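Some notes on the structure that comes next.
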Amino acid sequence: MSLTDFIQNYRKNKRILFTTPSHGQGNFVVPECRKMLGKKFYTCDFSEIEGFDNLSNPTGILDAIQNGSAYLYGAKAAFYLTNGSTSGIIAAMYSVLCRNDKVLIARNCHKSVYNGLVLTGAVPVWIMPKYNHEWGIYETIDLDYLEEILSRNSDIKAFIMTNPTYEGVMTDIYRVSAICKKYNVFLIVDEAHGALWNFHKSLGTPSLVQGADIVVQSLHKTAGALNPSSILLLNKDCVIPKERIQEALNLITTTSPSYPMLLNIDSTINYLDSDEGWQKLVDLTKNVNRFIRAIKSIPNIQVYQYNNDITKILIKITNMSGFELSDILFSKFGIEDECANEKSVLFITGLGTDKFKLKKLEKALDKISLSNIMITEEKTKESPIVNIEPRVRYTPNAVWGRAFREVEVKFAMSRVSMELICDYPPGIPVLIPGEVIKKEHIEYLINKKQTIKVLL
Ligand SMILES: Cc1ncc(COP(=O)(O)O)c(C=O)c1O
């Protein structure tokens, strides 16, 4: 039975509740919320009442639907997350790492990995992915180098990486997982942007299928769910017991999960698994491919080709910075992109992207390319270097809460940062508390901020 059917059946009982949540299944709704969300949203919102279940120790309907999803994804266990992939990534780290354990992390990680380092007290060892200066983005890690690091550091316990990258670049996880297994290292994959892969082969091969131990996906990023609906998947072959993941999740998540969100997670997965969902993905693929073919023929436009995940479209226009293109799209055409850098602009597509939306973007790009908006002189500035190799002095946990003082950025050289420097999006850390501030950090920061917090 789906959660929707379960809730609908329950509603027939007309039980009188003196429990939380106190809106009493919509008996009271703040007028503004009634206007914006409607009463119906509230009628799906429950606590752990009789006959329902408890997400922190599921034995009833929540256990059944999560088990159903585990079966569907080919996992040992599936955990619905009502606090996003952020919570799944931290729980994954908690379930394999103890204080002072070494963990190898690809530097293009999301900042939730930093949060996990603060909480677990694990010691980060960083591996730098290749950086593409022409497009201003991180690409994949060098797998020979990965093997070299693991062979030299037998005390590394886990490896955390992002697949696909924010811009859709995929890594050969079959090979990564083989390397990790060889050196007895847990592989945690942040697949926040790959939630559609399980449902249409042409979109990508799920990291779980390729052998990752724990995978976390955001269903809200490309799969059309509400913010922040996510799922954590545990591999059948992984030795970590599912109870360990549950304990880790219970450390950091609410005891009052949102039922509308759980319903949203469950029904999104069921939809993606249906014929209608499959057709929607076929249409999405067709529409995006058609769009890419069309914009490739527009003069001065380049489309990034190495992101095999077609839900991410990265483009640039000759002689125009990504920021400038982004500004023009927004101010003149009302089109908002996901993220821009000096070189390029990223557009994220998903279940809510139809051919009409894509056509509007195509027309706007066509106009920008041909009109006077086109910039004639060389305006594309040098990309500020964000792929700065970190020098770790203290672990994020060791400096958490320590005394600091603010110094001018230009005088911060060689001091230990007490700030997390991280543009959002994409949420990839440039400098982490406990790391030494290098010349390149100062060059990166000097026009962005005046002062920085450093360790006293
Ligand atoms: C690569 C990556 N991982 C994890 C996250 C966190 O996901 P969520 O918003 O579901 O917590 C994000 C969000 O931007 C992300 O881009």
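What you see is a predicted model, and the numbers here were worked out from it, not measured in a lab. First listed ligand is number 1; within each ligand, the first listed atom is number 1.
- Between Thr162 and ligand 1, no pair of N/O atoms sits closer than 3.5 Å.
- Taking the ring axis of Tyr94 as reference, the NZ or CZ atom of Arg244 does not stay both within 45° of it and closer than 6.0 Å to the ring centre.
- For an aromatic pair to be called close, the ring centres must be under 6.0 Å apart, and Phe52 with Phe6 satisfies this.
- Atoms of ligand 1 lying under 4.0 Å from at least one heavy atom of Tyr166, given by number and element, are 16 (O).
- Nearest protein heavy-atom neighbour of atom 14 (O) of ligand 1: Tyr424 OH, 2.7 Å.
- Annotation for ligand 1: atoms under 4.0 Å from non-hydrogen atoms of Gly84 are 10 (O), 11 (O).
- When hydrogens are left out, the protein atom nearest atom 6 (C) of ligand 1 is His110 CE1, 3.3 Å; that is the closest non-hydrogen contact.
- Closest protein heavy atom to atom 16 (O) of ligand 1: His193 NE2, 2.9 Å.
- In summary, the atoms of ligand 1 found under 4.0 Å from a heavy atom of Ala192, numbered by their order in the structure, are 2 (C), 3 (N), 4 (C).
- Ring-centre distance between Phe199 and Tyr73: below the 6.0 Å cut-off.
- A distance-only check finds no donor-acceptor pair linking the side chain of Lys316 to the backbone of Tyr304 [under 3.5 Å].
- Side-chain atoms of Lys449 come within 3.5 Å of backbone N or O of Thr451 as a donor-acceptor pair.
- Donor-acceptor pairing under 3.5 Å is recorded for the side chains of Asn264 and Ser229.
- Under 4.0 angstrom from ligand 1, the non-hydrogen atoms of Ser85 come from both its backbone and its side chain.
- For atom 13 (C) of ligand 1, the closest heavy atom belonging to the protein is Lys221 NZ, 2.8 Å.
- Between Glu148 and Arg152 a salt bridge is recorded (basic side-chain N to carboxylate O distance below 4.0 Å).
- Ser56 and Asn54 share a side-chain donor-acceptor pair at under 3.5 Å.
- The backbone and the side chain of Thr86 each have at least one atom closer than 4.0 Å to an atom of ligand 1 (non-hydrogen atoms only).
- Counting only heavy atoms of the protein, atom 1 (C) of ligand 1 lies nearest to Asp190 OD2, 3.5 Å.
- For the 3.5 Å distance criterion, the side chains of Asp337 and Ser326 qualify, holding a donor opposite an acceptor.
- Distances between N or O atoms of Ser218 and those of ligand 1 include at least one value under 3.5 Å.
- Near His220, the atoms of ligand 1 lying under 4.0 angstrom from a non-hydrogen atom of the residue are 8 (P), 9 (O), 10 (O).
- Distances from ligand 1 to the non-hydrogen atoms of Ser230 include at least one value under 4.0 Å.
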